[in-house]
Every structure is written in structure tokens, then in C-alpha cells.
Amino acid sequence: MIPLKLASWNVNSLRVRLDHLFLWLDSNRPDLVLLQETKVTDAAFPLEAVTARGYHAVFRGQKTYNGVAILGTAPLTAIDLALPEVLAREQRLCACLSADILVIDVYVPNGSEVGSEKYHYKLEWLHAFGTLVQSLLATYPRIIIAGDFNIAPEDRDVYDAETWHEAILCSTPERHALQRLFELGFADTFRLHHREDERFSWWDYRAAAFIRNRGLRIDLILASEPLISACRAADIDTVPRGWERPSDHAPVLAEFNT
DNA sequence: ATGGTCGTGGTACGA
């Protein structure tokens, strides 16, 4: 039985948040940390600094927007996902193997506003992603998908459900796209261990949203059915959101006995 | 910077 401590964090620029990341890694020491919105090209990825802190890395970045990376304490086996065009357009996915577990780092499109062009792109993206995951399950029964889903699964994951009713990040079509993953057998690891509301992973920079705990829980760690019973803890660490010049997201965690 | 803040790149745009 091998313990696996996995974290996911939308850092909103890896280069700006490198000190926060390392500070957090020093006190939490996850085996794997999945990063989103690295906003750095592969050529400019701070591999030397990451390596110096004892982490191996796989990363897929682009200029200005998006970008994902997985850091691990053990050497990582990158898995090159065969992506349809809609998923390959931007750098929103990367994957690696940890023992026999396929670990997928995901940064789902934000969608901007319900009904907008970006919203339809988000739904199209999510549909393609669901199909990809469904096909991967045939080869990899044990899958962890973690990242910024840009979807709050339920109203209890939203600070003011009335304000956010059918708004972006909360609309029924977005939640249905997430539901498809649950129907494939995935579980939201946070909800395996927590029933309470008012637990969030993202707070807008504006209007002192964090101090007032006006947030949403949109950063998720999903475990495929064979891994559900192996998940022994899950949580959100809001501490780094209170640091000076923070990411707008908090790191989320899940621990497994694999 | 169409309220509010932040990252990016050097321009408004995306979140």
C-alpha cells in the first residue's frame, strides 16, 4: 500500500507565484502537485528552480494564457494524450503515470458569460474531454483528474446561489458536463470527506471577496471508481490565498492509499 | 482598462 498525496493549484502565473509555490511545497510536501494557468512557454519554464527544490516536472505551456504542469517528488512518466483539435488548441491538459494511476491535470475554459462564444467553446471542450476520459478508462481504470474545472458542482459550492443562479461556472449545461464524469464513476474527493457548505477554492480579486469568503469551489480532484475507497482525506488549504500578492485560487488536496 | 483586481505585454483582454 503506497500513500499518494496529490495537490492541485491554479497559480495564476507560475513565475509570479514561484516563491508561494515553494513555500507551500516545503510545508505540505505533496508527492504530486498539478498546476494550472502557468502562463509560461516551455522554453521559459523555471525547470532549474523546480529541480533544485527536489521536484521532477512535466509541463505544457504557451505565452500569456493557460499552461499546465505536474511536479512530482519521483521521476514522472509523461503520457502524451491523443487530443482532438478542440482540446489541442490551447495548453489545458497534461498527464503522467504514477504507478498504475493515470493522473490528468486539467484547466477547463472559463466560459466568460453564459451564451457567449467562449461559453459554447467551453461546452464543446467539456464534451470532447468527457469522450476522451471515457476512452481512457478502457486502458486506465485508475484515473485521477484534478485541476481548475471552472464549474461549481452544486449550489452549496457557491457563496450566494441566488446571485449565481444559471450564471457562468454554475449553469445547468456546465454542471451536466461535470455530471457525465460522475456517471463514468468518478467521485469528487472533497465531498467524500466534507458535507459542509461555504468551503471554496477561488475568490475574485475584487471587492475583498476572500476576506468576506465570497467564493466558489471550482478546483476539484476527481477519482475514478476503483480509487474511491482508496481516498482517505481531502481538503482545501485557504492559507496561501491570504498571503501577499496571492493567486486567486487556493490549493486543494487529496490523499490516497494506492 | 465600461466598478472593484490581477497577469500579461506593451495592447486591451482574459479571468
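Side-chain atoms are counted along with the backbone in the values below, which use heavy atoms only and exclude waters and symmetry mates. Naming convention: chains lettered A, B, ... in sequence-line order (proteins, then strands); numbering from 1 in each chain.
OP1 and OP2 of B:dG7 both lie 4.0 Å or more from every side-chain N or O belonging to A:Arg15. Proximity of A:Ser112 to the phosphate of B:dG14: no side-chain N or O atom is located under 4.0 Å from OP1 or OP2. Taking only side-chain nitrogens and oxygens, A:Lys63 never comes nearer than 4.0 Å to OP1 or OP2 of B:dT8. Between A:Arg245 and B:dG7 there is a side-chain N or O to OP1 or OP2 distance below 4.0 Å.
Of the two residues near DNA chain B, A:Val16 and A:Asp204, the one whose nearest nucleotide lies more 5' is A:Asp204. Heavy-atom nearest nucleotides on DNA chain B were determined for A:His249 and for A:Asn12, and the one closer to the 5' end corresponds to A:Asn12.
Of the candidates B:dG4, B:dT8, B:dC6, the closest approach to any side-chain atom of A:Tyr205 belongs to B:dC6. Side-chain atoms of A:Lys39 lie closest to B:dG7 of the nucleotides B:dG4, B:dA15, B:dG7.
Of all heavy-atom pairs spanning A:Gly130 and A:Leu184, the tightest one is O-CD1, 4.0 Å.
Contact check of residues 163-170 of chain A against DNA chain B (heavy atom, cut-off under 4.0 Å) returns no residues at all.
The CZ atom of A:Arg92 sits 10 Å away from the C1' atom of B:dA15 (whole-angstrom rounding). Atom C1' of nucleotide B:dT5 and atom CG of A:Asn110 are separated by 15 Å, given to the nearest angstrom. In this structure, A:Glu117 atom CD and B:dA15 atom P are separated by 12 Å, rounded to whole Å. One atom, CD of A:Gln91, and another, P of B:dT8, lie 17 Å apart when rounded to the nearest Å.
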Indicate every side-chain donor-acceptor pair of residues 93-101 of chain A with a distance under 3.5 Å to a residue at least two apart or in another chain.
residue  : atom : partner  : partner atom : Å
A:Asp100 : OD1  : A:Arg142 : NE           : 3.1
A:Asp100 : OD1  : A:Arg142 : NH2          : 3.1
A:Asp100 : OD2  : A:Arg142 : NE           : 3.1

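Using modelled atom types, one finds no donor on one side chain facing an acceptor on the other under 3.5 Å when comparing A:Asn66 with A:Gln91. A side-chain donor-acceptor contact under 3.5 Å links A:Trp24 and A:Asp237.
Between A:Leu181 and A:Phe149, the closest side-chain pair of non-hydrogen atoms falls below 4.5 Å.
Residues satisfying the ring pair (Phe, Tyr, Trp, His ring centres under 6.0 Å) test with A:Phe59, not counting sequence neighbours, are A:Phe45.
Using cut-offs of 30° and 60° for the angle between ring planes, the A:Phe200 and A:Trp203 rings count as perpendicular.
Counting non-hydrogen atoms under 4.0 angstrom, A:Tyr107 reaches the backbone sugars and phosphates but no base.
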